[in-house]
Every structure is written in structure tokens, then in C-alpha cells.
Amino acid sequence: MPELPEVEVVRRGLERWVVGRGIGDVSVLHPRSIRRHAAGAGDFSGRLAGRAVTAARRRGKYLWLTLDSGEALLAHLGMSGQLLVQPAERAPERHLRVRVPLDGDGGELRFVDQRTFGHLMVDSLVADTAQVRPDTAAAVGADLAVPSVIRHIARDPLDSAFDDRAFAEALRRRRTTLKRALLDQSLISGVGNIYADEALWRARLHGERATADLERPRVATLLEQVRAVLRDALEDGGTSFDGLYVNVNGESGYFERGLKVYGRRDLPCERCGALIRRVAFMNRSSFSCPKCQPEPWFSEAAP
DNA sequence: TATCTGACCTGCGCGC
DNA sequence: TGCGCGCAGGTCAGAT
């Protein structure tokens, strides 16, 4: 399931293989994949044809290719989306949704998506209003505009301009629980179910703990562990289950073997030996260690 | 205004 | 063998 590390790996691939190339006649093979492009497939293709790709950017789980028209091709991989750079003559993948021919060597960018939770759209770029750490404001100000539909997405914790203090204050203002907050992309972006569980385990925090009474040092520890798990996953090329996440060359990452709690129900915790528990949470699963991450209505483990 | 919930979607694994 | 069901989960509209 693509979260920040997986999307960043894809972005790097696009930067290498797609930036600088021109776009030909785009084919939309499944309308749901461009459902957020309100003007429809004809307009989508028309805005891309003949344009050149000038950069590959990312915020959280969103990535976009800036175009020489001043617009951007925005992509979200959803649950199972893949952006592949393939020779045009290669047989189409079973779940190929959109083809974007590229000039040069005859290759094309393909959007493949089994579950169709992902989407593509062409959007205008607007001034970036996300929270910026004060000491980086000048540098960032000259940097980015963002697609208008993702203005509400917060900076991600690997962004040099991510403001730890502002995040801590926003977290304490919320009347919600830790894991819900980590999954809230308007508060902190790029973290999904897998890395939220992993970061909470590393920080020895229970996801049901209230954000409002989390002490500042605990927030700092949590952020530190969020960053650590994202960096570790990025180094391993991301996490892939069932081959649903791959880079632009179709290769899977290896971080699945680095997971400490996610998907390890009834297996011993590597830290204390207690059996990892799974509980239903927001129509999905949460994995945690009952000993290292005691429920908040009892006592918390020492950091 | 802030927070929560359910729908969307497809393929796989499992039980019967 | 085939059918039905549960599960996986990111986002957003609508409800509370």
C-alpha cells in the first residue's frame, strides 16, 4: 500500500525517466481513474497532449508532474496504483487504466491500478499555504506551488520545512486519538496505516491515547520515530504486499521484512516477547504490542 | 467548526 | 469445484 516511502521511490523514478520528455496522445482506458478530473477524459487528454514535463514533485502520498503549460499532472496511487515506464510495444497490464505516450525512445508512462482507488487529474498550481518552519520560510517561499486540490495537505515529516512545534501545538488542540491524528493528512502527511502502527510501536505509544494530553517530549519522540521508520522504509525501497506496490521499473521494495508489528498478529514482539494484538480500527486493522504499548486507560510504558 | 463514519473497489484466501 | 464471505485501506462526502 503506497505511503510516503513508496511514493517517493516512484517520484524519483519519474524524475529520472520522465522529466524533460514530451507527452503524446493520452488514452484513458477506465473513467474512474480520472474521476476527479471533472471536465472528463477529452479535456484531460487535451491538456496533456504536446506538453513537456518539467519536474516531479511530491507531498505526502500525492505526487505530480509539472508541465510547461503551468499546470500539473497530479497522481494518487490509492491502494494499488502503479506508475510504470514501459516500452509502448509491451503487452498491456491486466489493470492498465491510463497510457501517457512519451517522446524520445517510444516509451510510455502507464497508470496501472487494480482496485481503482488511485486517480490522475490535471490541475492548476496555486501558492503553497502549508505550515512552514519559520527558519526555512525564505527558501521554501521561492520553491513550490502545489496543485489546488491538495492545498489542504500538510507537509510531510521528511520535508525540511515541516514545523515540529506547530505540529505539536496542533496535535494538543485536537480532541482525538494518536493514530487518528497520524492518519489525518491535513495534520501530517505521508503516514498511512502501516507506518502509523510501526511508529507508535517504536515510540511505545498506544494509538488510542488522547492527543490533547500528550506531553511535548512524547510528541518529539513520536515524530522522531515516524521519521525513522519512513527513512528506513525508503532505504529499503518501500513496503510491498502481493506486488501491489512497485517502482517505475516494476520492482518491489523490501521493507516488509523490517516491519515489527504490522501484520504480525499473535507473533512475539521482538522487544518483549508478548504476542502482537490486532484490533479493528476505522474499518481496518491496528497492530500493537500489549506490553510495550499498554492501553491508555492503564499506565503508559516509559519512553 | 471539529470529528467521525461509511462508501468506494477488486482480488485473494478461507470455509463450507 | 464452485460459491459466498471477509479482508485489505486512502480519501472524501455526508452525518453527527
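Just so we're on the same page: letters track the sequence lines, and every chain starts at 1.
At C:dA8, one or more side-chain N or O atoms of A:S285 fall inside 4.0 Å of OP1 or OP2 (strictly under the cut-off). In terms of phosphate contacts, A:R284 brings a side-chain nitrogen or oxygen within less than 4.0 Å of OP1 or OP2 of C:dG10. In this structure, A:H95 reaches the B:dG11 phosphate: one of its side-chain N or O atoms is under 4.0 Å from OP1 or OP2. Under 4.0 angstrom from either OP1 or OP2 of B:dG11 there lies no side-chain N or O belonging to A:S80.
Legend: residues meeting side chain to side chain donor-acceptor pair (under 3.5 Å) with A:D68, ordered by chain and number and at least two apart, are absent.
The aromatic rings of A:F167 and A:F162 sit tilted, their planes meeting at an angle between 30° and 60°.
The side chain of A:H76 lies closest to C:dT11, out of C:dT11, B:dC4, B:dC8. Of the candidate nucleotides C:dG10, C:dC12, B:dT5, C:dC12 has the atom nearest to the side chain of A:H152.
Atom CE of A:M79 is separated from atom C1' of B:dC8 by 12 Å (rounded to the nearest Å). A:E93 places its CD atom 18 Å from the P atom of B:dT10, with the value rounded to the nearest Å. Protein atom CZ of A:R115 is 9 Å distant from nucleotide atom C1' of B:dC12, rounded to whole Å. Across the protein-nucleic acid pair, A:R36 atom CZ and B:dC8 atom P stand 17 Å apart, rounded to whole Å. What separates CD of A:Q114 from P of B:dG11 is a distance of 5 Å, to the nearest Å. Between A:R173 atom CZ and B:dT1 atom P the separation is 15 Å, expressed in whole Å. For the pair A:R35 CZ and C:dG10 P, the computed distance is 14 Å after rounding to whole Å. A:I153 has its CD1 atom 6 Å from the P atom of C:dC12, to the nearest Å.
The side-chain hydrogen bond (donor to acceptor under 3.5 Å, both in side chains) test with A:E108 singles out one residue from A:R99, A:Q86, A:R90, and that residue is A:R99. Under the side-chain hydrogen bond (donor to acceptor under 3.5 Å, both in side chains) rule, A:S288 has a single partner from A:H206, A:R277, A:R278, A:E208, which is A:R277.
Using a 4.0 Å heavy-atom distance criterion, A:R278 is classed as a sugar-phosphate-only contact. Nucleic acid contact class of A:F281 (heavy atoms, under 4.0 Å, all strands): none. Heavy atoms of A:H119 sit nowhere under 4.0 angstrom from any nucleic acid atom.
One N or O on the side chain of A:Q185 and one on the backbone of A:L183 form a donor-acceptor pair closer than 3.5 Å.
Between A:R174 and A:H30, the one whose closest nucleotide on DNA chain B sits nearer the 5' end is A:R174. With DNA chain B read from its 5' end, the first of the two nearest nucleotides for A:R180 and A:R94 is the one closest to A:R180.
Around the CZ atom of A:R16, the shell of radius 6.0 Å holds no more than 12 heavy atoms that belong to other residues, nucleotides or ligands.
Contact check for A:R21 versus A:D105: side-chain heavy atoms found under the 4.5 Å cut-off.
The distance from the CZ atom of A:R264 to the CG atom of A:D197 is 13.0 Å, given to the nearest 0.5 Å.
Summary for the helix from B:dA2-C:dT16 to B:dC16-C:dG2: the axes at its two ends, each from 5 pairs, differ by 50° when rounded to the nearest 10 degrees.
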